[in-house]
Asker: 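What follows is a single structure, and I will ask about it in a moment.
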Protein chains: 2
Amino acid sequence: MLTRKQYELLMFIHERLKETGVPPSFDEMKDALDLRSKSGIHRLITALEERGFIRRLPNRARAMEVVRLPDSIAPGLGAPRPRGSFSPEVIEGSLGKLEPPRPAPEPVVQGTEIPVMGRIAAGVPIEAIQTHSHSISVPPELLGKGEHYALEVRGDSMIEAGILDGDTVLIRRTDSADSGDIVVALVDEEEATLKRLRKKGASIALEAANPAYETRIFGPGRVRVQGRLVALFRQY
Amino acid sequence: MLTRKQYELLMFIHERLKETGVPPSFDEMKDALDLRSKSGIHRLITALEERGFIRRLPNRARAMEVVRLPDSIAPGLGAPRPRGSFSPEVIEGSLGKLEPPRPAPEPVVQGTEIPVMGRIAAGVPIEAIQTHSHSISVPPELLGKGEHYALEVRGDSMIEAGILDGDTVLIRRTDSADSGDIVVALVDEEEATLKRLRKKGASIALEAANPAYETRIFGPGRVRVQGRLVALFRQY
DNA sequence: GGTAAATGTTCTCTTACTGTTCTCTATGAG
DNA sequence: CTCATAGAGAACAGTAAGAGAACATTTACC
């Protein structure tokens with residue numbers, strides 16, 4: 001999917017992000033790839049974006065993040081991707097050559113009940129979350145350490161992040177998050193909202209994933225992270 | 001499913017990707033298969049794409065990736081990754097009036113194991129799915145009647161429906177669907193694809209949720225529904 | 001033998017990718 | 001508001017890569 005240069009640049013950005021948490025500037029990338037001009041970087045970045053490996057905000061300095069890495073890096077086809085564990089199983093019988101899969105009878109395993117604490121507006125911030133409306137059961141492999149709760153998403157502000165109105169999001173309680181994470185943020189101790197977090201120095205930006213909504217920037221102390229998005233469910 | 005040549009080429013691409021992370025060019029593939037012309041490679045690639053083994057962007061250099069491998073070298077079921085399901089933690093004290101919910105200890109309930117049958121390209125149509133790569137457990141409340149299986153989505157063609165690359169979709173096996181449903185459709189008994197179904201008289205349209213992809217319309221008998229999308233999971 | 005799909009080859013044509021230089025503009029700091 | 005800086009992008013040149021028509025051969029199969 002990627003040419004050598006595109007691959008090199010993606011790896012560089014990824015490493016940089018892992019180490020410093022801050023994406024490199026065009027000039028830094030230029031030096032890293034040993035080029036004399038940022039223009040080449042610009043095109044590589046465009047290519048990476050087109051191929052779905054990075055996401056970025058145009059005209060914003062260092063505003064990019066790695067969305068996925070090439071399969072050769074982690075996942076692989078032999079083994080499932082690094083998302084959660086899974087239970088080994090022997091299923092699979094002889095399938096007709098073009099017949100759709102025919103799973104064996106579904107075995108039952110342990111799940112975990114997670115409370116749905118109410119709704120949260122992904123769009124305009126609304127009421128905080130405190131009502132425990134019902135519970136959903138969650139596959140254990142999605143749960144890492146820590147305490148979790150679920151929220152039902154209202155609004156369309158995160159639509160470009162693939163989070164739609166009516167989706168249920170699984171949140172891990174935490175008071176810290178990295179720039180780029182999608183979090184439940186409490187603003188001025190009053191409005192809770194689901195947004196992507198950006199750290200800008202001491203300030204914090206909460207950005208929606210919908211051009212119709214503006215990014216809101218707050219000074220230190222005004223935003224408190226209440227949890228980080230770890231999984232999403234949608235029922236059709 | 002694959003001819004000898006197609007198989008050889010697929011293996012070569014797969015190896016190359018594993019080793020260097022960069023897909024081979026047509027010329028490199030030509031040399032690897034000991035051919036004198038790229039043209040043959042072009043046809044083999046087209047065949048592999050049609051059959052759903054690779055995904056690619058047309059007119060882009062080295063823009064391809066292996067989506068799945070033939071059953072003969074079917075992915076082994078890797079070892080399950082153990083993950084502590086519970087580890088008590090001490091979290092901050094004093095709760096403000098809008099303090100986030102503090103769920104009671106998570107009760108354990110029954111879940112259901114559903115096999116992930118492989119990947120399906122949401123973008124370029126691909127072929128039938130039958131590799132059982134691993135399993136996920138699914139909350140029982142998402143399962144209705146009938147038989148289910150899961151697929152991992154590759155590609156971005158359903159992006160505007162909030163289905164992203166890497167998402168796992170839960171499919172209920174069925175051979176019927178209503179107009180507007182998102183289905184796994186098998187075209188000409190060959191290519192399987194995840195698309196939105198539209199019935200137009202006797203014909204059937206498969207439409208992507210991404211303006212970059214065209215809606216494809218087929219005459220009666222060419223499209224067979226293999227399942228209907230009933231839920232979606234995403235892990236962050 | 002007849003047919004269709006898969007292959008192998010040659011050639012041509014177009015487009016993509018890379019490296020570089022320069023210019024222009026949006027943004028954020030002060 | 002002004003300035004310095006990072007990002008956007010046009011233009012040029014050379015190389016690399018993909019698309020596909022045309023035709024001959026081979027293979028599998030009825």
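We name chains A, B, ... by the order of the sequence lines, and we start the count at 1 in each one.
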Asker: According to a strict under-4.0 Å criterion, is A/Arg36 in side-chain N/O contact with OP1 or OP2 of C/dG19?
Answerer: no
Asker: Give A/Ser37 one of three labels, base, sugar-phosphate or nothing, depending on what nucleic acid heavy atoms sit under 4.0 Å from its own.
Answerer: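 If one applies the 4.0 Å heavy-atom cut-off, A/Ser37 turns out to touch a base.
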Asker: Report yes if a side-chain nitrogen or oxygen of B/His42 is closer than 4.0 Å to either non-bridging phosphate oxygen (OP1 or OP2) of D/dG18; otherwise report no.
Answerer: no
Asker: Closest to the B/Thr3 side chain: C/dG19, C/dT7, D/dG18?
Answerer: C/dT7
Asker: Specify the separation, in whole Å, of atom CD1 of B/Ile45 and atom P of C/dA6.
Answerer: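 Those two atoms, CD1 and P, are 15 Å apart.
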Asker: Can a side chain N or O of A/Lys5 be found less than 4.0 Å away from OP1 or OP2 on C/dG19?
Answerer: yes
Asker: Answer yes or no: does a side-chain N or O of B/Arg51 lie under 4.0 Å from OP1 or OP2 of C/dA6?
Answerer: yes
Asker: Which part of the nucleic acid does A/Arg43 contact within heavy-atom distance under 4.0 Å: base, sugar-phosphate only, or nothing?
Answerer: base
Asker: Compare every heavy atom of B/Pro211 with every heavy atom of B/Glu160, then report the nearest pair and how far apart it is.
Answerer: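 Heavy atoms only, the tightest pair is OE2-CD, 3.4 Å.
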Asker: Kindly give the atom pairs (protein nitrogen or oxygen, nucleotide nitrogen or oxygen) under 3.5 Å for nucleotides 28-30 of chain D.
Answerer:
none

Asker: So what does A/Arg56 touch, heavy atoms closer than 4.0 Å: a base, only the sugar-phosphate, or nothing?
Answerer: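 Counting heavy atoms under 4.0 Å across all strands, the contact made by A/Arg56 is with sugar-phosphate only.
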Asker: Is A/Leu44 touching bases, backbone alone, or none of the nucleic acid, heavy atoms closer than 4.0 Å?
Answerer: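 Sugar-phosphate, no base atom in range.
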Asker: What's the spacing between A/Leu44 CG and A/Leu9 CG if we round to 0.5 Å?
Answerer: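 If we round to the nearest 0.5 Å, A/Leu44:CG and A/Leu9:CG are 5.5 Å apart.
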Asker: Can you see which heavy atom on A/Phe218 is nearest to which on A/Leu206, and at what distance?
Answerer: CE1-CD1, 3.8 Å
